[in-house]
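Counting starts at 1 for both ligands and their atoms, following the listed order.
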Amino acid sequence: MRHRDEHGMGKVTGFMEIDRQLAKYQPASDRIRHFREFTIPMSEPEVQKQAARCMDCGIPYCHGPTGCPVHNQIPDWNDLVYNGNWDEAIRNLHSTNNFPEFTGRICPAPCEEACTLNLEDAPVTIKTVEQAIADKAYEMGYIVPQPAVTKTGKKIAIIGSGPAGMAAAQQLARAGHEVHVFERESKPGGLLRYGIPDFKMEKNFIDRRVDQMRGEGVTFHCGVNVGVDKSVDSLIEEHDAVLYCGGSETPRDAGIPGVAFHGVHDAMPYLVQQNRRVGRENIDSVGWPSDPILAGGKHIVVVGGGDTASDCVGTAFRQGAVKVTQLDIRPQPPEKEDKLAVWPFWATKMRTSSSQAEGAVREFQVATLEFVGEDGVLTGVKCCQVDERRKPIAGTEFVIKADLAFIAIGFSGPGTDSVLKDMGDKLAIGKDKRGGSFVTANDKDYRTSVDKVWAAGDVRRGQSLVVWAIREGRQAARAIDEALMGSTVLPR
Ligand SMILES: Cc1cc2nc3c(=O)[nH]c(=O)nc-3n(C[C@H](O)[C@H](O)[C@H](O)COP(=O)(O)OP(=O)(O)OC[C@H]3O[C@@H](n4cnc5c(N)ncnc54)[C@H](O)[C@@H]3O)c2cc1C
Ligand code: SF4
């Protein structure tokens, strides 16, 4: 039974007495010398103090609907941490989130944006508390396999081992089903392993969860490209349900002239290669070119302003790039948002990622006109300024020197995936406004147009966030359990 004080919150006056503190980073000059995580863990007493700032709001905006997508019970575990009840805190956190050690590291934390204390620019450091709960739980040995006591005799195949597939697999195995995860890459984890760099999240955290899931009866079949090595029809025939969690990894076509110059690459092959290097794997990966792409001693231009672009920036600095310039077509956002107009929603304001803070030159309101080069080799990126409607402003053209350019302007869906090719017209595909595609299924029952086939995660919703993938995996698991068993106790 957890203890709450008579007022039901960490420390009644905590938010007035204690300043918001964030976990500190190693200095940029040190952290770019390695690929490991660089956040200096907060001390346990400091984490408890930070948790004590929570006001246990009557309407906890952090919890949802604009806050946490998995509806973590944030005020409850803030109180538990303040009271040193780490055991109950991880139990509570796990009741809504299978992998808090992932989200505690790499979630952009919409919960903090929605926190009432953000009205004063000092939200509770929810993400740091979440990571601390998960790390402490591992340290204390609280995280062990929880195999189902009763087996159902049902067999489920999951295509893809990203956070959506992993969350669904864990939920379904714990409900007593025999779960088989098919993954085309050599190791499980999806973009967590091969997209997101180690300096944001080291991969041993995935390995530990995979070990736990194996202990719960999940079988991972890696190196199996479904649609090529094994047909979807055979999976449907051999299983009671098939859940497609294949992600959304086809790069959006930028339509920029000059992409054929040697030195112009999509972001993904670059990031995947470096993740494989750090993981001491061969750099060959399914579907991506395998010529080494290295930024050491080079001038780099990154086209795009999002997370993937930032990850290219941080990777290039660690490889020893001379200069990294990042081009964003959007106007430079204001330093501070109009709080009352946007809270508790995600605000557009100037944000500087840790990678950008390592020395990137950021250009805003700039369009990439073409890649230029000599003898087939990239030498520069021709750009111009754009107006508020993204129209080029005449006479503002300039060329940035570049030996390597990365295109990181987003993803257009599962487009080229072999599952789609194998299933042909049977699988209904939707189109978004920007020409991207997604597998059609709603977020209630997650059923596709094909009998016995469900879909969840980025393949269904488009490239998104790890926390949304976890939510979809959990909800799809519940839908499948209910469809197979007639009822379910799995939470949504
Ligand atoms: C570079 C980058 C950085 C990001 N950074 C962040 C971040 O900091 N925070 C955040 O919250 N989100 C981030 N994201 C988004 C996040 O990684 C994704 O939204 C999330 O991983 C989606 O999970 P998923 O399980 O749906 O798909 P994925 O993680 O893409 O996993 C899909 C898996 O399916 C496998 N697969 C596909 N087709 C087949 C097939 N035919 N046979 C077998 N296996 C198959 C793939 O190999 C892959 O392992 C980032 C994305 C990228 C690209
Ligand atoms: S909104 Fe902030 S202060 Fe209120 S309950 Fe959530 S974390 Fe605590």
Side-chain angles (χ1 to χ4, degrees), residues 9-10 14-15 51 53-63 67-68 73-79 102-103 105-109 111-112 114-119 123-126 129 158-168 181-185 187-197 200-201 221-230 232 244-249 251 267-268 270-272 275 285-287 306-312 315 344 353 408 410-411 414 416-422 455-470 472-473:
M9 60 195 277
F15 70 97
R53 295 183 64 242
C54 177
M55 304 186 295
D56 191 22
C57 302
I59 299 174
Y61 283 94
C62 56
H63 165 90
C68 180
Q73 296 170 16
I74 294 161
D76 292 28
W77 43 255
N78 277 333
D79 178 62
F102 303 166
T103 43
R105 286 179 165 74
I106 53 169
C107 192
C111 52
E112 292 191 17
C115 174
T116 313
L117 286 172
N118 189 30
L119 283 167
V124 174
T125 49
I126 301 170
V129 177
I158 297 179
I159 306 169
S161 65
M166 282 182 68
V181 180
F182 294 86
E183 170 55 56
R184 66 181 174 203
E185 296 294 345
K187 291 184 183 176
L191 289 176
L192 283 170
R193 187 182 294 275
Y194 294 112
I196 295 172
K200 276 167 57 180
M201 191 184 97
H221 305 268
C222 289
V224 182
N225 191 1
V226 175
V228 175
D229 305 320
K230 184 149 185 72
V232 182
Y244 180 29
C245 297
S248 163
E249 289 182 36
M268 276 306 285
Y270 178 56
L271 295 173
V272 171
N275 276 322
S285 189
V286 185
D307 262 352
T308 305
S310 249
D311 291 348
C312 291
T315 302
S353 71
F411 298 86
T416 52
D417 190 40
S418 46
V419 168
L420 265 56
K421 287 190 192 139
D422 191 29
D458 280 3
V459 79
R460 192 199 73 79
R461 65 181 293 119
Q463 181 79 225
S464 179
L465 292 176
V466 169
V467 68
W468 279 102
I470 295 173
E472 295 222 346

Checklist outcome for this item: Among V466, D307, L420, closest by heavy atom to atom 11 (O) of ligand 1 is V466
Checklist entry - Counting from 1, what ligand 1 atoms have a heavy atom of L271 closer than 4.0 Å? => result 1 (C)
Next on the checklist: Any heavy-atom pair between the side chains of H63 and C68 that's under 4.5 Å?
Outcome noted: no
Item to check | Contact atoms of ligand 1, heavy-atom distance to N225 under 4.0 Å | outcome: 40 (C), 41 (N), 42 (N)
Checklist outcome for this item: If we number the atoms of ligand 1 from 1 as shown, the ones under 4.0 Å from a heavy atom of G246 are 32 (C), 34 (O), 37 (C)
Item to check | Nearest-neighbour protein heavy atom for atom 3 (C) of ligand 1, which is reported as residue plus atom name and distance | outcome: D311 OD2, 3.0 Å
Next on the checklist: Among all the protein's non-hydrogen atoms, which is closest to atom 18 (C) of ligand 1, and how far away is it?
Outcome noted: D458 OD2, 3.2 Å
Next on the checklist: Quick test: of every protein heavy atom, which one is nearest to atom 34 (O) of ligand 1, and how far off is it to 0.1 Å?
Outcome noted: G160 CA, 3.1 Å
Item to check | L271 side, atom CG; D311 side, atom CG - distance, nearest 0.5 Å | outcome: 6.0 Å
Checklist outcome for this item: Tightest non-hydrogen contact, residues V459 and C245, listed as CG1-CA, 4.3 Å
Checklist entry - What's the shortest distance from atom 31 (O) of ligand 1 to any protein heavy atom, and which residue and atom give it? => result G162 CA, 3.4 Å
Item to check | For K200, atoms of ligand 1 separated by under 4.0 Å from a heavy atom | outcome: 5 (N), 7 (C), 8 (O)
Next on the checklist: At less than 4.0 angstrom from any non-hydrogen atom of S418, what atoms of ligand 1 do you find?
Outcome noted: 41 (N)
Checklist entry - Can an N or O of P163 be found at a distance shorter than 3.5 Å from an N or O of ligand 1? => result yes
Next on the checklist: To check you understand the geometry: which heavy-atom pair defines the closest contact between A456 and G473, and what is its length?
Outcome noted: CB-N, 4.4 Å
Checklist outcome for this item: Closest non-hydrogen contact found for P163 with A469 is CG-CB, 3.8 Å
Checklist outcome for this item: ligand 1 atoms nearer than 4.0 angstrom to some heavy atom of I159 are 40 (C), 42 (N), 43 (C)
Checklist entry - Which part of M166 is near ligand 1, with near meaning a heavy atom under 4.0 Å away: side chain, backbone, both or neither? => result neither
Checklist entry - When rounded to the nearest 0.5 angstrom, what distance separates CG in D307 from SG in C312? => result 11.0 Å
Checklist entry - OH/Y61 to CG/L117 distance, rounded to the nearest 0.5 angstrom? => result 13.5 Å
Next on the checklist: Using a plain distance cutoff, I'd like to know if L192 has any nitrogen or oxygen under 3.5 Å from a nitrogen or oxygen of ligand 1.
Outcome noted: no
Next on the checklist: I want to verify a count. Protein N, O or S atoms less than 2.8 Å away from atom 4 (Fe) of ligand 2, how many are there?
Outcome noted: 1
Next on the checklist: Can you give me the closest heavy-atom contact between K200 and R105, atom names plus distance?
Outcome noted: O-CB, 3.9 Å
Item to check | Structural part of L465 in contact with ligand 1, heavy atom criterion under 4.0 angstrom | outcome: both
Checklist entry - Looking at atom 42 (N) of ligand 1, what's its closest protein heavy atom, distance included? => result V226 N, 2.9 Å
Next on the checklist: Nearest non-hydrogen contact with atom 13 (C) of ligand 1 belongs to which option: T103, T308, I196?
Outcome noted: I196
Checklist outcome for this item: Taking only non-hydrogen atoms of V224 and a 4.0 Å limit, the atoms of ligand 1 in range are 42 (N), 43 (C)
Next on the checklist: With nothing but distance in play, are any N or O atoms of Y244 less than 3.5 Å from an N or O of ligand 1?
Outcome noted: no
Checklist entry - Would you say the side-chain atoms of R53 pair up with the backbone N or O of P123, donor to acceptor, closer than 3.5 Å? => result yes
Item to check | Verdict with reasoning, M201 to L192, per side chain to side chain contact (heavy atoms under 4.5 Å, CB included) | outcome: CA-CA 8 Å; M201 191 184 97; L192 283 170; 4.1 Å; yes
Next on the checklist: On a heavy-atom basis, which atom in I74 and which in C111 lie closest, and how many Å separate them?
Outcome noted: CD1-CB, 3.7 Å
Checklist entry - Hey, looking at atom 48 (C) of ligand 1, which of E185, E183, R461 has the closest heavy atom? => result E183
Next on the checklist: Using a 4.0 Å heavy-atom cut-off, which part of R193 comes near ligand 1: side chain, backbone, both, or neither?
Outcome noted: neither
Next on the checklist: Assess the residue pair Y194 and M268 against the criterion (side chain to side chain contact (heavy atoms under 4.5 Å, CB included)); give the C-alpha distance rounded to whole Å, side-chain angles, the decisive distance to 0.1 Å, and a yes or no.
Outcome noted: CA-CA 9 Å; Y194 294 112; M268 276 306 285; 5.9 Å; no
Checklist entry - For ligand 1, is any non-hydrogen atom under 4.0 Å from F411's backbone (N, CA, C, O), its side chain (CB onward), both, or neither? => result side chain
Item to check | Pairing of K230 and D422 as salt bridge, 4.0 angstrom limit | outcome: no
Checklist entry - Which distance, rounded to the nearest 0.5 Å, do you find between the SG of C54 and the CG of N78? => result 4.5 Å
Checklist entry - Between I106 and ligand 1, is there a nitrogen or oxygen pair with a distance under 3.5 Å? => result yes
Checklist entry - If you round to the nearest 0.5 Å, how far is CD of E183 from NE2 of H221? => result 12.0 Å
Checklist entry - Starting from atom 38 (N) of ligand 1, which protein heavy atom do you reach first, and at what distance in Å? => result D417 OD1, 2.9 Å
Checklist entry - For residues S418 and N225, is any side-chain donor paired with an opposing acceptor at under 3.5 Å? => result yes
Checklist outcome for this item: Of C245, G190, G410, P108, the one whose closest heavy atom lies nearest atom 32 (C) of ligand 1 is C245
Checklist entry - Does the D56 side chain pair with the main chain of P75, one donor and one acceptor, at a distance under 3.5 Å? => result no
Checklist entry - Which residue holds the protein heavy atom closest to atom 28 (P) of ligand 1, what is that atom called, and what is the gap in Å? => result L191 N, 3.9 Å
Next on the checklist: Rounded at 0.5 Å granularity, tell me how far CD1 in I196 sits from CG in N275.
Outcome noted: 9.0 Å
Item to check | Sidechain N-carboxylate O distance under 4.0 Å for R184, E249 | outcome: yes
Next on the checklist: Tell me the protein heavy atom at minimum distance from atom 51 (C) of ligand 1, and give that distance in Å.
Outcome noted: Q463 OE1, 3.3 Å
Checklist entry - Can you name the closest pair of heavy atoms from A167 and I470 and give their distance? => result CB-O, 3.8 Å
Checklist outcome for this item: For S464, the atoms of ligand 1 under 4.0 Å from one of its heavy atoms are 15 (C), 19 (O)
